[in-house]
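Have a look at the structure below before the remarks.
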Protein chains: 2
Amino acid sequence: MNEQGPTGRERRHARTRQAILEIALELSNESGLEELSLREIARRADFSPAGLYRYFESKEDIVAALAADATRLLTDHLNSVPTNLHPRERLIRLGLAYLTFAGENPAHFRLLFSDLPAGRSSLSEPVPANSPYAILLDAVQEAIKSGDVVVPGGDDGAEAMAFAIWSLVHGMALLKQVHLRTFDANFDAIYRHALERMVGTHGRT
Amino acid sequence: MNEQGPTGRERRHARTRQAILEIALELSNESGLEELSLREIARRADFSPAGLYRYFESKEDIVAALAADATRLLTDHLNSVPTNLHPRERLIRLGLAYLTFAGENPAHFRLLFSDLPAGRSSLSEPVPANSPYAILLDAVQEAIKSGDVVVPGGDDGAEAMAFAIWSLVHGMALLKQVHLRTFDANFDAIYRHALERMVGTHGRT
DNA sequence: CTTACTATGTAAACATCGTTCACTTTACAA
DNA sequence: TTGTAAAGTGAACGATGTTTACATAGTAAG
């Protein structure tokens, strides 16, 4: 066999893998991640429990694959925010996009940044390209460069601000989805106020 | 037996209960909450697995007791922040106290707001007295009353601001402890910058 | 076409888990 | 001392994630 594209068998293998992941995601959205069971996935996929091990090394491996999917989907979603907005408004819109994603994809969201460690281990390492954080950091740097946002502390100031925004939206999404899951309020308005305060737009622009 | 204080048996029962909880907390701090095992608690407490059921209804019940402890400890810790500070500085110190608590009590922190639903279900209900959120909300209301902090939207504005601060510190603590657990940076400085930005103190006061 | 070989799938077993049940032992009150 | 409730145990149940040995189906080479 020469070097060429994926064979039929490989394509079928990849498709089955994907199908398993979709069932795992369904199950997670129905009953939560804690109760996700390998054997239940197997039942719904008409597999014997052992069969899944031809496609994944372990249950943890399945969850990791879901988390990787989540990161890719979030990246796409953040990339759909226009880049030519007023810099502060762009930051706000990125935050709101994060919150929308979390609301619409609860299981995927719960996987974000909750298991896999970060891709880098200090500020001196490069930011992983095409990651959600890279998009946010870029927007912060643009806002600083345009003078629209002022941060202390030079280069690392942008990272500090990106981390703050990230923490804020992640915290809001998590609290709403877990601890405040039965709380009735207009979260969309609250989200926007919080982001405007963080980014520095306290009134209308 | 007349109505009087706890008998010797009741005191011993309560002490054993507490001892079990301490072992459960130790185990959580060592190996994480996900891997906490009833049987491992029993082994370390020199109990048979079934014996624990004289003290707790279920594993979930043990975790709930730990979470209640966590809330009480956090409340104490927040109450140790002076109340006579400059209103904005007080808010910042409350946030930093939250982050300190999270850093020093990782297992207890992971239980905070992560399992039990909130004590109220809409803004019209009263805030649970002596809760961490009540302390924060009170500080926000003081800051607004003093004119030190300006929020839009009347009464609910204070709640929105309290939620924003809460989300920010919770998100920062969580991201640092989970996704950024191997990341090396001066988080204390980052925490303070983020809080100052959120509360509105952008330079020295 | 046949012969290897690999991919795919299964059944059975293992260790562990949370939980329950029947039972014994301990401690205290009358 | 006796009766009763609490405290504690071992064995079992059903469930989990995982491994092993085995069967079958597809495919590539002779």
Side-chain angles (χ1 to χ4, degrees), chain A residues 1-28 30-67 107 111 115-116, chain B residues 1-28 30-67 107 111 115-116:
Chain A
M1 188 186 76
N2 293 336
E3 290 294 334
Q4 44 192 24
T7 110
R9 199 153 44 190
E10 286 169 333
R11 275 205 304 274
R12 197 177 49 229
H13 188 94
R15 250 200 314 264
T16 307
R17 225 184 107 98
Q18 196 56 35
I20 293 170
L21 285 180
E22 276 170 31
I23 287 175
L25 183 66
E26 267 179 37
L27 246 25
S28 298
E30 287 173 18
S31 326
L33 267 166
E34 333 276 283
E35 311 195 17
L36 183 60
S37 142
L38 225 218
R39 293 178 110 104
E40 182 64 34
I41 297 173
R43 273 186 289 266
R44 214 181 274 208
D46 296 304
F47 264 91
S48 120
L52 297 185
Y53 285 80
R54 300 291 174 196
Y55 297 89
F56 298 93
E57 286 184 359
S58 63
K59 181 189 175 183
E60 196 189 348
D61 192 28
I62 295 183
V63 173
L66 282 181
L111 256 19
D115 199 23
L116 299 171
Chain B
M1 189 186 78
N2 291 337
E3 289 295 333
Q4 43 192 26
T7 95
R9 195 145 57 184
E10 285 169 334
R11 276 204 304 275
R12 197 177 51 229
H13 187 94
R15 250 198 315 263
T16 307
R17 225 184 106 97
Q18 196 55 35
I20 294 170
L21 285 180
E22 276 171 30
I23 287 173
L25 182 66
E26 266 180 38
L27 247 26
S28 298
E30 287 172 19
S31 326
L33 267 165
E34 331 278 285
E35 311 194 15
L36 182 59
S37 143
L38 225 217
R39 293 179 111 103
E40 182 64 34
I41 297 174
R43 271 185 290 265
R44 215 182 269 210
D46 296 305
F47 263 93
S48 117
L52 297 185
Y53 284 79
R54 300 289 175 199
Y55 297 89
F56 298 93
E57 285 184 0
S58 62
K59 180 188 175 183
E60 196 189 347
D61 192 27
I62 296 184
V63 174
L66 283 180
L111 255 19
D115 197 23
L116 299 171

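What you are looking at is a predicted structure, and each value in this text was computed from that prediction instead of being measured.
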Check your understanding: Of A/R12 and B/S58, whose closest DNA chain C nucleotide lies nearer the 5' terminus?
Key -> A/R12
Check your understanding: Do other residues, nucleotides or ligands put more than 12 heavy atoms under 6.0 Å from A/E30 CD?
Key -> yes
Exercise for review: Could you tell me whether B/R43 contacts a base, only the sugar-phosphate backbone, or nothing, with contacts defined as non-hydrogen atoms closer than 4.0 Å?
Suggested key: sugar-phosphate
Practice item. Look at the side-chain N and O atoms of B/S37 and state whether any lies under 4.0 Å from the OP1 or OP2 oxygen of C/dG18. Key: yes
Check your understanding: Toward the 5' end of DNA chain C, which comes first, A/R39 or A/S48, by nearest nucleotide?
Key -> A/S48
Practice item. Pick base, sugar-phosphate or nothing for B/T16, based on heavy-atom distances below 4.0 Å to the nucleic acid. Key: nothing
Check your understanding: Would you say A/L116 and A/L111 make side-chain contact, with heavy atoms under 4.5 Å?
Key -> no
Practice item. Remember a base hit wins even if backbone is also touched, and classify A/L36 as base, sugar-phosphate or nothing at under 4.0 Å, heavy atoms. Key: sugar-phosphate
Study note, to complete from the structure: Of B/P49 and A/E40, the one whose closest nucleotide on DNA chain D sits nearer the 5' end is B/P49
Practice item. Kindly give the heavy-atom pair with the smallest separation between B/F56 and B/A65, and that separation in Å. Key: CE2-CB, 4.2 Å
Practice item. Report the distance from atom CD1 of B/I20 to atom C1' of D/dA7, rounded to the nearest whole Å. Key: 11 Å
Practice item. Give the rounded distance in Å between these two atoms: CD of A/E57 and P of D/dT18. Key: 10 Å
Exercise for review: Calculate the interatomic distance between A/F56 atom CZ and D/dT18 atom P; express it in whole Å.
Suggested key: 13 Å
Check your understanding: How many Å lie between CG on B/L38 and P on C/dG18, as a whole number?
Key -> 5 Å
Check your understanding: A/F47 CZ to C/dT8 P: how many Å, rounded?
Key -> 9 Å
Practice item. Remember a base hit wins even if backbone is also touched, and classify A/Y55 as base, sugar-phosphate or nothing at under 4.0 Å, heavy atoms. Key: sugar-phosphate
Show me the side-chain donor-acceptor pairs of residues 15-27 of chain B shorter than 3.5 Å, one per line, residues at least two apart or across chains.
unit_1: B/T16; atom_1: OG1; unit_2: B/R12; atom_2: O; d: 2.9
unit_1: B/R17; atom_1: NH1; unit_2: B/Y55; atom_2: O; d: 3.1
unit_1: B/E26; atom_1: OE1; unit_2: B/R44; atom_2: NH1; d: 3.3

Revision key, fill the gap. note: A/H13, atom NE2; D/dG26, atom P; distance rounded to Å ~ 16 Å
Check your understanding: A/R54 CZ to D/dA23 P: how many Å, rounded?
Key -> 15 Å
Practice item. Under 4.0 Å between any heavy atoms, over every strand shown, what does A/Y53 touch: base, sugar-phosphate, or nothing? Just pick one. Key: base
Point to revise | Protein-nucleotide distance (B/I41, atom CD1; C/dT16, atom C1'), rounded to Å | key: 15 Å
Point to revise | Which atom of A/S28 lies closest to which atom of A/L66, heavy atoms considered | key: OG-CD1, 4.4 Å
Exercise for review: Report which part of the nucleic acid A/I62 touches: base, sugar-phosphate, or nothing (heavy-atom distance under 4.0 Å, all strands).
Suggested key: nothing
